[in-house]
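Below is one structure, written out as structure tokens, with a few remarks after it.
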Amino acid sequence: MSPKFTIPMSSPDLTEAERQAVSAVLQTPYLSMGRELEAFEAAFCNFTGSRSAIGVNSGTAGLHLCVRAAGITEGDIVITTPFSFVSSTNVLLFERAVPIFVDVEATTGNINVGLVNQAVKDITSGGTAAENWLPSSVTSDGARLKAILVVDVFGQPSDMDPILKIAEEHNLKVIEDSCEALGAEYKGRKAGTLGDYGVFGFYPNKQITTGEGGVIVTSDDRAASIMLALRNQGRAPGDTWLEHSYLGYNYRLDEMSAALGRVQLTRLDEMLAKRSRVAAWYENRLFEIPEVETPKIEKSTSRMSWFVYVIRLTHAVDRDYVVRELEKRGVPARPYFAPIHLQRYMVEQFGYKEGDYPVTEDLGHRSLALPFSGVMKETQVDFVCSATREIIHQAGM
Ligand SMILES: *Cc1c(COP(=O)(O)O)cnc(C)c1O
């Protein structure tokens, strides 16, 4: 935490059990590819009901392996969202695939399924209808539409049923970026298990952490065996240490991280309950401020997994002024997300401009992530909310 802040933006929730588990690994010579990883993966299979769980050293690595296992290659089209953390799009660019952005729902920030349906129809029919969805720098034909990559934004599942339906009709793979949604449920089904492959991320601000890390879950055995090989420098089952059947990566999760994650996963219910309680403290203090919109939970979200607490300020409020004033009071706050299509490298490669995805841009302009974690104290939430209210009112907005 920068010394200018008195409340951290996020904090991991760690106990003696985690410290002991990591320390126990350090008493052994097995620091990678050992029992802890196997146990962590087994616990994930048990938790999700998926046939395979594959530990990796970041959520991004997990998403990249999904893209490789789906057979997505140069020039293939993947429908995805511009309102996300950049890695959900970057993993497509790593393989020189073409991300086609579809704007999001204003309520949740998740991909707009009506627009997904329209995009799939237009792109597969080819011709001029397809052109509308492609960035000006790209020409492609609908036959190359391969997958839909959805993101469960801020811990709330996307509206998966209609997405799965259209994917099935058009033989598309569905990759679920659930890096922000461990433990969330959609109509009683677990986020991350709804598409062909799902990915969870364990960076220290996530619901559970391994330091750096992630896990892929899938019930597709063929994909799982490819992912296992690619994670481990392309070694297929039966390859020796210096035999590599495929072009692979080192995306392995080490034993200390796996041990930490295994204990964290056993505490998931407790930690999600604490996060819900903090979110409720925020809601109770902020809902009556007219310039503040608090997060909305869809009916289809049968279980919310609070990842961040992101409010939206009305158009009359200068968000960046609020950020600066909060900072003066020792409170960190940040815009979340910044639209992916407006990142410099995306503009350079695809020629996107302001106005291309208006809902995403509007959320990007008005969103404000406030400090949030399961270990936050009610007095800290009080302080953040009082400061926010005061700043908005003093500015006469
Ligand atoms: C955290 C996160 C990831 C993965 O991030 P890593 O830092 O690579 O673990 C991917 N997508 C989203 C939406 C995320 O929030």
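Starting from 1, each residue takes its place in the sequence as its number. Counting convention: from 1, in listed order, for ligands and their atoms alike. Hydrogens, waters and symmetry mates are skipped; everything else that's a heavy atom, side chains included, is used.
Classification of Arg389 and Glu288 as a salt-bridged pair holds, one side-chain N sitting under 4.0 Å from a carboxylate O. Taking 4.0 Å as the cut-off between side-chain N and carboxylate O, Arg366 and Asp362 count as a salt-bridged pair. Comment: Glu325 engages Lys328 in a salt bridge, judged by a side-chain N to carboxylate O separation of less than 4.0 angstrom.
Under 3.5 Å, the side chains of Thr15 and Glu18 contain a donor-acceptor pair of N or O atoms.
Under a cutoff of 6.0 Å and an axis angle of 45°, Lys190 and Phe47 form a cation-pi pair.
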Are there any protein N or O atoms under 3.5 Å from the N or O atoms of ligand 1? List them with distances, or say none.
residue: ligand 1; atom: 8 (O); partner: Gly59; partner atom: N; Å: 3.4
residue: ligand 1; atom: 8 (O); partner: Thr60; partner atom: N; Å: 2.9
residue: ligand 1; atom: 8 (O); partner: Thr60; partner atom: OG1; Å: 2.4
residue: ligand 1; atom: 9 (O); partner: Gly59; partner atom: N; Å: 2.9
residue: ligand 1; atom: 11 (N); partner: Asp177; partner atom: OD1; Å: 3.4
residue: ligand 1; atom: 11 (N); partner: Asp177; partner atom: OD2; Å: 2.7
residue: ligand 1; atom: 15 (O); partner: Glu180; partner atom: OE2; Å: 2.6
residue: ligand 1; atom: 15 (O); partner: Lys206; partner atom: NZ; Å: 3.1

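Scanning all heavy atoms of the two residues, the minimum distance from Phe85 to Ile340 falls at O-CD1, 3.8 Å.
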